[in-house]
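I have placed the structure first, in the form of structure tokens, so that the comments after it can refer back to it.
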Amino acid sequence: MSSTSVRPDPAPLLEARGLTRAFGAGATAVQALRGVDLTVGEGELVAIMGPSGSGKSTLLHILGALDRPDAGSVSIDGRRYDDLSDRELTRLRGEVFGFVFQFFNLLPTLSAAENVLLPALVNGERPAGYAARVDALLGRVGLGDRAAHLPTELSGGEQQRVAIARALLRHPRLVLADEPTGNLDSKAGGSVMRLLRSVVDDGQTVVMVTHDPGAAALADRVVFLRDGEISGEVEGGDTARVIDAFREIEAGAQPERAAA
Amino acid sequence: MIASARPAGVRLRSFAGLGGRSLRARPLRSGLTAAGIVLGVGMAFGVLVLVATIHSSFGSLFNTIYGNTDVIVSGKASVGEVPQRTLGQVRRVEGVKAASGQVMGLFRVIGTEGKAQTGAAATLFVAGTNLRGPDTAGATLVEGTKPRGPRQIELEEAWARSHGLTRGDTIRLATPTGEAALLVSGIFRFGTALDLGGYGTAAAPLGSVRRMTGKATGWDGIDVIAASGVSAAELSRRIRAVVGPGIEVATPAAKSEEVNEAMSSLDIVLYFFSGMAIFVSVFLILNSFNMTVLQRIREIGTLRALGASRRRIATSVLGEALFLAIPGCALGLALGIGLAELLAAAMRSFFGLPIAALDVTPGALVAAVAIGLLATTAGALYPSLRAGRIAPVRALTGAVGSERRPGLPRALLGAALFLPGMAIGGLFWFSNASGTTTAAIVGVGSTLMMFVGMVLLAPFLVMPLIDLLARPVRALMPSEGRLATDSLRMNPLRTSATAAALVVTLSVVVVNATMSASFLGSISSQLDAHFARDLTVQPLGYSSYGPPVSAIAPSLRRQIAALPAVGTVTPERIVYMRKLPGSREPGLLEAVEPSRWPRVDKSEYEGASTAAAMAGLGAGGAVVGRRFAEATGLGVGDTVALRGAGGVVRAPIVATTDTFEANGNVVMVSLATLRRAYGITSDSTLALTAVSPDRRAALARQVGALLERRYPGFEAVSDAEVKKQYESAINQQFSFFDAIVGIAVIVGLLGIINTLSMAVIERTREIGVLRALGGSRWRIRRTMLTESVLISVAGSLVGIGLGLLVGIVWIISIRESTLVGLKLGIPTSMLIAIAVLGVLIGVLAAIVPARRAARLDPLKALTYE
């Protein structure tokens, strides 16, 4: 796949510096992030991998304006959003981010097309202006003929593709995906990953958290997280390389930085 | 692109449409929630319509009957008669255009089988007046002629029509002096439409009514028409100056106002029950939406992650609730009309009130809808805000953590509301203070407070009880019992919210039952302690608080006295007064023959021996009930001033007595004193003894025969029957409330079904695991049933316990002030029935959820997230 080639010096879209986040207090406190730095360039597909409890979900929450860090900064297009109010974060989520969830999180009472349209509705817009966009997105994810189907009438892979279409509706600057293949069989997972890859090839930036080395291998970069800290990074493209790097991380060793 | 074009597969128009979808996706819960709104609005609207109807009934009653009348002259406090000479005095007052004296008769229609009928529709008020005189009623003759001879009568059009009577027919009436057959000479119509709730009105020549009622002289009222240019107020003042202080002079408007005021404490009671219904419906909505929000945490988190603001989420949930309120209010209005009809019918038959056809005002309509919307908002507000506070991270993590346990602050607040509410509520409901509007409001407020406290305290009583019940249940059904009890304990708030609905409704029933059992038991033993008579003769349908009945004419007493088996016959004349002389409280003025009374009544007197007390009565004195003495501070040696048409009669108090009548608010005088003060000469009841104990059967036979032959409007009853009549009178008053309580029980049932369904949905995955592990449908069903019955048994027991506690505290707190010798009565059989009802509710409530749980596809349930 030609897309695995690294873009030279991508413009920085997202920048996180020294993110820390703890949950609970006293003896039961858990330090989920201990100073994470991360830069994501425009048009990149970055995968975040790590064992359970490594803090990767917390990182995704903070990157996606779902949660705030205790310390550190995070900015998109040079605008900081780690210290915004709930109201401003809400606006940011609606306008700047798109989300794809492990359990799809489609509204069971809405048709596929209505689910795709949801971000517009949530932000107070009328459906009329989005007719062409919804049609195009459903076509793009290969579900042009399923617009009126309810989630229960779709397979898991199809539901996740609806979710991807939904994430893209309002042209977000960044799409965040939480284990997008985690609830799918390998065939459906593969097709969802190929869809994400092609979306990135069209210019969309995506950050995803995953357990699946096969999925991570389709990323431009794979960032490893362990005990709340970045413990390494490899270039995507090769499943075997990603697996090796992941094993080393699991074993506690610092992986060799892959040469560009 | 045209503005209305929507993308293919999209039918939503805006975000607001989501709420509708979500409601339709959960039809059972939506229906149950709407049912809560329906009941709240229904009760509110029904009561508003009923209250408006009651008041307009009396308003139109006076306006209609006194169509042309400017001033009404009557006995003081509407009691007693106006002397014959007063008519002449009034006529001579300057500014009086005309004055017409009236004698009223209350007669019963005799049916085809020759028996006098009871009930409002068979009751005819006949005005005896000079028919050639001025028309004070403003009635028009629509058919036939005015009655000319002594055996003629004219009837009001609507009543005549409903009885199939027309000009030329003969109507047979039971009158105080015996049966009368009268020719219908004509049909008249009042100036405005009149609906007396079935009661009939008629007019007959004065002499004829005097003869039929046995009232030879005096007037029941004088209707006055003012000369032009003289105001009613001015004329009232002039007449008052002439007739003296013992006679009441009022305008028809003032009269109807007076009656409306007397009805206002009933209004408060009705408002209380609608307040209860609204409270329960708010509770139901709160419960249901709390569950919805809990269940949709991931969905709401997703919306938040997609950029929905807190406010948008909160408004959306609130909007969902208000969307339900639309059909809820509409159906509630329909239900309200039905309820109002039902309650109006109950009031006509239980209290004999002349309630007209329902008066549905736009104000009541608007108010009921506003109440429905407010109740919905109040119920959905907390769940909405809670939904808005759901963090967007919940889109990924779903619901986390276990449910909060109810804490100490809740227990303290519950106790702080429950205890004072319980301590003072009873005083206002049952004591003599309950007559005033302020007292009623305090009573209603403290009782509602008590119930809110009950809901807050419910978890602390229900959960330990469930722990206790869990043991035998687990021993009996190891696996189902374990699953059911664990689920109940895991969610203490859900469990107690479900049970709370039952606790509140059943405790109301238990309080009601305890109070009525106590009153009945006490009155029954009081009757035994006082009655020494063999037989009582009374008008059909008589009860001291009941519907108006005819009086007994002297002729009947004379004829009974002449019967061979009769030893003693002595009358009792009882007058209900809205304010007893010298007191602010309502009660009974009772007159007896001092020489004969001890032969039929073995009451004991304080402050004097029976003989001395009777001698005192004979000398113009009075014996007063204990409550009267307490309320007025008057005792033996003081005097009671009776101000009637006959002037002021001062009666020295010679003794006090314990009596259950009117809670002890009684003033007893001799027949002579009563006549001197108020001019009253007709008997209310007659007490009889046989010449000798072995002639008792003969006495009953002879009196019965006389009444059947000559006086079909009267009956002879034994002491046992009198007791039964008291019982049924009390039962009727309580069952009026029971009818309303029944509605609350239905709401309780809805609440349980609702929360149990939630429990199934919440545990879909768990049920899937059970099914996957080989649990049969029957086993799942049994688990749900066990859970439901456990909740309802715990709820019923707590409800019965709290209800008994409240009942006992209320009886103790009112014992002194209400009914002398009031003893606590435990309605054992009723309690058992209530416990059985509780279990039945549990089983009923489990049917739908259990079916649903059993039918879950194990595969789908397992993948349900």
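Order of the sequence lines fixes the chain letters, A, B, ..., with proteins taken first and strands second; residue numbering starts at 1 for each chain.
Between the side chains of B:Arg304 and A:Thr90, at least one donor N or O sits under 3.5 Å from an acceptor N or O.
Across all their heavy atoms, B:Gly9 and A:Ser111 have their closest contact at O-OG, 2.5 Å. In terms of heavy-atom proximity, B:Ala305 sits nearest to A:Phe99 at O-CE1, 3.1 Å.
Annotation: B:Arg779, atom CZ; neighbour count of heavy atoms from other residues, nucleotides and ligands within 6.0 Å does not exceed 12. In the displayed structure, B:Arg851 atom CZ is contacted under 6.0 Å by at most 12 heavy atoms of other residues, nucleotides or ligands.
Considering OG1 of B:Thr302 and CG of A:Leu106, their distance stands at 9.0 Å, rounded to 0.5 Å. Between the OG1 atom of A:Thr109 and the CD atom of B:Glu299 there is a distance of 6.0 Å, given to the nearest 0.5 Å.
Across B:Ser22, B:Ala8, B:Gly301, B:Ala308, the residue that shares the most heavy-atom pairs under 4.5 angstrom with chain A is B:Ala308. Top candidate by heavy-atom pairs under 4.5 Å with chain B, chosen from A:Glu179, A:Arg93, A:Arg87, is A:Arg93.
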Please table the atom pairs, donor to acceptor, closer than 3.5 Å between any side-chain atom in residues 118-125 of chain A and protein atoms at least two apart or in another chain.
| from | atom 1 | to | atom 2 | distance (Å) |
| --- | --- | --- | --- | --- |
| A:Asn123 | ND2 | A:Pro119 | O | 2.7 |
| A:Asn123 | ND2 | B:Leu306 | O | 3.4 |
| A:Glu125 | OE1 | A:Tyr130 | OH | 3.0 |
| A:Glu125 | OE1 | A:Arg170 | NE | 2.9 |
| A:Glu125 | OE1 | A:Arg170 | NH2 | 2.8 |
| A:Glu125 | OE2 | A:Tyr130 | OH | 3.2 |

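Listed in order of number, the residues of residues 139-158 of chain A that approach chain B to under 4.5 Å between heavy atoms are A:Ala147, A:Ala148.
For A:Leu110, the parts lying near chain B are the backbone and the side chain together; criterion is any non-hydrogen pair under 4.5 Å. Residue B:Arg296: no heavy atom, backbone or side chain, is found under 4.5 Å from chain A. For chain B, the nearby part of A:Arg166 is the side chain; its heavy atoms alone come within less than 4.5 Å. Proximity to chain B (any heavy atom under 4.5 Å) is restricted, for A:Asp86, to the side chain, taken from C-beta onward. Of the two parts of A:Pro172, neither the backbone nor the side chain holds a non-hydrogen atom closer than 4.5 Å to a non-hydrogen atom of chain B. Proximity to chain B is absent for every atom of A:Gln102, based on heavy atoms less than 4.5 angstrom apart.
Remark: of the listed residues A:Asp67, A:Leu66, A:Leu89, A:Leu66 is the sole one forming a side chain to side chain contact (heavy atoms under 4.5 Å, CB included) with B:Pro392.
Listed by chain and number, the residues in a side chain to side chain contact (heavy atoms under 4.5 Å, CB included) with B:Ala387 are B:Val293, B:Ile300, B:Ile313, B:Val317 (sequence neighbours excluded). Every residue meeting the ring pair (Phe, Tyr, Trp, His ring centres under 6.0 Å) condition with A:Phe97, not counting sequence neighbours, appears here in chain and number order: A:Tyr81.
In this structure, the side chains of A:Arg126 and B:Ser14 come closer than 4.5 Å at one or more pairs of heavy atoms.
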